[in-house]
Amino acid sequence: MLSADDRIPVDRLKRVGPRLAERLANLGVTSVQDLLFHLPSRYQDRTRLTQIRDLTPGAEVLVEGTVSAAELGFGRRRSLKVWLADGETTGLMLRFFHFSTAQREALKPGVRLRCYGEVRQGPQSLEMIHPEYQTAEAQGQVADALTPIYPSTEGLQQASWRSLTDQALEWLGRGASILPDLLPEAIPRALGLPDLVSALRYLHRPPLDADLDGLLARSHPAFHRLAFEELTAHQLSLRQLRERARSINAPQLAGDGSLRARLLAALPFALTGAQGRVLEEIAADLAAPRPMLRLLQGDVGSGKTVVAALAALQAVEADHQVALMAPTELLGEQHLRNLAAWLRPLGIEPLWLAGRHKGRERAGLLEQIASGTARVMVGTHALFQEDVAFANLGLVIIDEQHRFGVHQRMRLREKGAREGLAPHQLIMTATPIPRSLAMTVYADLDLSVIDELPPGRTPIATVAIPDSRREEVIGRVRQACAEGRQAYWVCTLIEESEALECQAAEETARTLGESLPGLRVGLVHGRIKGTDRDALMRAFADAELDLLVATTVIEVGVDVANASLMIIENPERLGLAQLHQLRGRVGRGSQASYCVLLYRTPLSGQAWERLDTLRRESSGFVIAQKDLEMRGPGEVLGTRQTGDLDFRVADPARDQSLLPAAQQTADLMLRDHRDAVEPLIRRWLRQKADYGGV
Ligand code: ADP
Ligand code: MG
């Protein structure tokens with residue numbers, strides 16, 4: 001009974017032939033049900049006639065009048081000009097650049113017209129360019145409902161959409177509903193939301209007195225009804241994924257704690273409370289016979305790496321291998337250095353596998369991995385290529401998760417799986433994701449948060465300075481370096497071209513070098529690759545360079561404790577989270593650190609708000625929440641992730657208030673309404689067949 005499968009193909013509708021069906025399919029609409037979920041993006045008010053004397057530029061209105069004059073204009077472009085009069089006013093000119101002879105003959109003085117269009121201020125009078133119009137015989141009553149405007153593509157007129165959705169809405173009224181309400185009945189009611197069919201009817205054909213602002217802002221209960229259902233469906237699909245992942249067995253990595261104890265004793269610091277807490281969460285997961293799927297969030301500098309190292313040791317204690325995957329070679333090498341420094345004294349030599357390892361060298365490394373001689377392996381995605389076979393992989397640690405989507409996560413799970421045992425997974429991210437969004441995107445993961453920075457860190461003082469004061473900023477660099485410290489100068493470029501960005505960075509490095517004689521200036525950008533880039537970074541880390549000019553390639557995680565000043569040029573071009581991430585490169589030592597946002601004037605209000613947030617806020621979580629509100633989840637999470645976040649109606653940022661209820665509803669449905677779960681998921685996540693199929 002509760003099947004969302006009886007989908008009615010669109011070609012069952014009148015006037016839908018193969019061509020139209022194909023156009024619709026390109027928009028993802030193949031069934032009558034899809035049509036119903038294809039919602040208007042806005043509405044026009046054709047329910048009232050506006051007097052010509054009341055017209056204002058910018059308004060979209062319906063007017064009625066008599067043609068008082070018509071002529072062909074031969075200005076820069078040939079056009080047909082038609083003057084429309086109502087009563088004594090003759091103020092409106094209709095202007096057509098494309099018109100047929102028949103049209104020209106029909107639009108002659110004395111003809112009564114009703115037009116709909118946007119009013120503009122023309123050179124002589126108010127105008128409508130290419131209005132929709134009807135002549136006398138077609139004129140009936142004004143519309144008795146708002147007119148929906150559908151998102152469309154070329155060759156698909158609004159009139160077709162209206163006819164199609166009219167027919168689809170008719171299907172809704174027939175006996176056995178083609179769209180059964182799959183949510184437990186009491187829930188929408190408790191939330192003050194309408195039932196599904198009423199909501200759809202309302203959104204497609206809002207009544208005269210509808211709250212247009214609410215509809216446009218998508219805050220109307222009818223809209224919330226759909227968004228809520230979609231969020232619930234999304235939640236359910238991720239829960240299923242999670243259930244499925246947890247139905248596999250994992251090695252129980254209990255360990256005796258001996259290696260961990262030795263590392264803790266050797267560390268020059270004590271773990272923070274937050275580090276200790278998440279470590280316990282991880283330890284408990286690793287000891288369980290189900291694969292851990294845990295997201296470790298922690299602001300830049302919160303000390304995730306040592307937590308990862310301690311988790312790795314627990315796996316090694318239990319005689320299993322650990323693979324740590326970094327998004328770039330540079331970052332991977334930094335992890336390798338950290339791990340080596342910590343693990344070598346314990347008799348564990350981490351192995352480094354990169355894309356550039358080839359031939360005999362690679363074969364040798366693979367042999368160590370396959371035989372189990374290598375116990376801790378660090379690398380990029382090269383670690384998970386076809387030819388890499390692990391002896392007994394127990395734990396996979398992925399750094400900078402935001403670059404991987406749910407599908408990549410699953411592939412990794414499979415890769416490590418062996419003899420029915422899947423490895424545990426720990427995913428670390430320094431891009432803090434607000435809890436509400438994390439619950440949506442990562443519902444297949446458990447969440448651990450390091451919400452505390454190690455003691456003794458002085459917050460980074462952030463200032464915003466206009467580029468008219470560039471000289472002053474250069475002076476600050478001079479002074480910091482004279483005091484024995486180091487600085488970053490980050491160049492940003494709006495163009496997508498890496499070549500241009502590198503060029504700009506080169507130019508900046510040159511001019512800064514001239515302005516700062518005596519300072520050792522290095523340059524790092526995307527075109528400087530591999531060993532050269534690493535050599536430069538190392539030179540900076542070893543204080544052989546005073547100033548490092550760089551593009552945003554330095555965004556992720558390389559530590560240089562002596563660097564205490566960062567200049568970010570044109571910060572208005574970057575998102576908040578990225579700026580925060582960049583800023584995290586300084587403030588890693590004990591001395592006071594500064595970040596100068598060297599902006600270009602004039603700044604838009606939005607840009608100023610962003611810089612101001614950064615100036616006042618040091619918590620990555622607060623900043624991420626702000627970023628989410630300002631830019632939406634797609635931008636915040638990056639493109640990879642948005643593929644997973646392909647919502648039809650809902651927007652997890654805008655509809656945050658619905659998330660807790662969607663979660664609870666998902667719980668309830670999994671417990672008490674299991675027969676509705678599959679149909680609901682299929683209704684909303686239809687195209688993503690592999691979502692549940694893994
Ligand atoms: P992130 O979370 O950004 O990866 P890291 O793990 O790189 O942070 O840690 C940043 C720095 O703080 C490192 O130098 C690390 O050794 C140090 N650190 C980590 N935990 C502590 C702690 N509890 N007390 C003091 N310093 C710490
Ligand atoms: Mg890190």
Side-chain angles (χ1 to χ4, degrees), residues 260-261 263-282 294-313 322 324-328 330-345 350 376 378 397-403 426-433 447-460 486 488 537-538 540-543 554-564 566 577-593 595 618-621 623-624:
R260 274 170 289 168
L263 174 54
L264 283 171
L267 287 175
F269 50 77
L271 295 187
T272 62
Q275 282 171 317
R277 177 170 42 76
V278 303
L279 201 59
E280 273 175 32
E281 292 166 356
I282 294 167
R294 191 169 279 281
L295 179 66
L296 174 57
Q297 289 195 8
D299 213 339
V300 267
S302 62
K304 295 182 289 297
T305 320
V306 72
V307 170
L310 288 160
L313 286 177
V322 180
L324 192 159
M325 182 160 85
T328 64
L330 197 63
L331 206 57
E333 286 182 7
Q334 176 175 298
H335 280 312
L336 183 76
R337 275 195 297 279
N338 279 330
L339 286 181
W342 289 329
L343 303 189
R344 221 172 258 151
V376 176
V378 184
I397 302 172
I398 306 170
D399 196 10
E400 298 305 339
Q401 139 74 18
H402 62 290
R403 280 151 215 258
L426 178 67
I427 296 151
M428 305 194 286
T429 177
T431 307
I433 296 150
L447 196 59
S448 285
V449 181
I450 305 185
D451 51 6
E452 180 186 356
L453 290 181
R457 297 267 168 86
T458 330
I460 304 161
Q486 292 162 277
Y488 295 97
M537 285 308 304
R538 212 157 290 132
F540 187 65
D542 294 344
I554 57 148
E555 174 191 349
V556 274
V558 184
D559 279 345
V560 180
N562 190 46
S564 63
M566 171 173 285
Q578 196 181 8
L579 286 167
H580 178 68
Q581 193 81 15
L582 274 171
R583 174 172 69 172
R585 298 298 104 229
V586 294
R588 305 186 75 91
S590 50
Q591 75 271 37
S593 293
C595 175
S618 59
S619 154
F621 285 91
I623 287 171

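Side-chain atoms are counted along with the backbone in the values below, which use heavy atoms only and exclude waters and symmetry mates. We count ligands from 1, going down the list as the structure has it; atoms in each ligand are counted the same way.
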Original post:
Does Ala308 come within less than 4.0 angstrom of ligand 1, counting non-hydrogen atoms of the residue?
Top reply: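 The answer is no: ligand 1 sits nowhere under 4.0 Å from a heavy atom of Ala308.
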
Original post:
With a 4.0 Å cut-off on heavy atoms, does Ser302 reach ligand 1?
Top reply: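 Judged by the 4.0 Å heavy-atom criterion, Ser302 does count as contacting ligand 1.
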
Is there side-chain contact between [X] and [Y], with heavy atoms separated by less than 4.5 Å?
{"X": "Leu343", "Y": "Leu313", "result": "yes"}
{"X": "Leu582", "Y": "Tyr488", "result": "no"}
{"X": "Lys304", "Y": "Ile450", "result": "yes"}

State whether the shortest distance between N or O atoms of [X] and N or O atoms of ligand 1 falls below 3.5 angstrom.
{"X": "Gly303", "result": "yes"}
{"X": "Leu271", "result": "no"}
{"X": "Lys304", "result": "yes"}
{"X": "Phe269", "result": "no"}

In terms of atom number and element, which parts of ligand 1 are under 4.0 angstrom from non-hydrogen atoms of [X]?
{"X": "Val300", "answer": "3 (O)"}
{"X": "Ala270", "answer": "22 (C), 23 (N), 24 (N)"}
{"X": "Thr305", "answer": "4 (O), 5 (P), 6 (O), 7 (O)"}
{"X": "Thr272", "answer": "23 (N)"}

All N/O donor-acceptor pairs, side-chain side in residues 265-272, below 3.5 Å, sequence neighbours left out:
unit_1 : atom_1 : unit_2 : atom_2 : d
Thr272 : OG1    : Gln275 : N      : 3.1
Thr272 : OG1    : Gln275 : OE1    : 3.2

Subject >> Taking every non-hydrogen atom, the tightest pair across Ile460 and Gly587 >> reply: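 Heavy atoms of Ile460 and Gly587 come nearest at CG1-CA, 4.1 Å.
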
Original post:
At under 4.0 Å between heavy atoms, which part of Ala561 makes contact with ligand 1: side chain, backbone, both or neither?
Top reply: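 No part of Ala561 is near ligand 1 at this cut-off.
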
Original post:
Applying a 4.0 Å heavy-atom criterion (strictly less than), which segment of Met428 is in contact with ligand 1: side chain, backbone, both, or neither?
Top reply: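 It is neither; nothing of Met428 touches ligand 1.
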
Original post:
Under 4.0 Å between a Lys/Arg side-chain N and an Asp/Glu carboxylate O for Glu452 and Arg277?
Top reply: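 Looking at Glu452 and Arg277, the cut-off is not met.
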
Subject >> Residues forming a salt bridge (Lys or Arg N to Asp or Glu O under 4.0 Å) with Arg260, sequence neighbours excluded >> reply: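 By the salt bridge (Lys or Arg N to Asp or Glu O under 4.0 Å) rule, Arg260 matches Glu317.
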
**OP:** Applying side chain to side chain contact (heavy atoms under 4.5 Å, CB included), run through Leu447 and Gln297 and close with a yes or a no.
**Re:** CA-CA 7 Å; Leu447 196 59; Gln297 289 195 8; 3.8 Å; yes

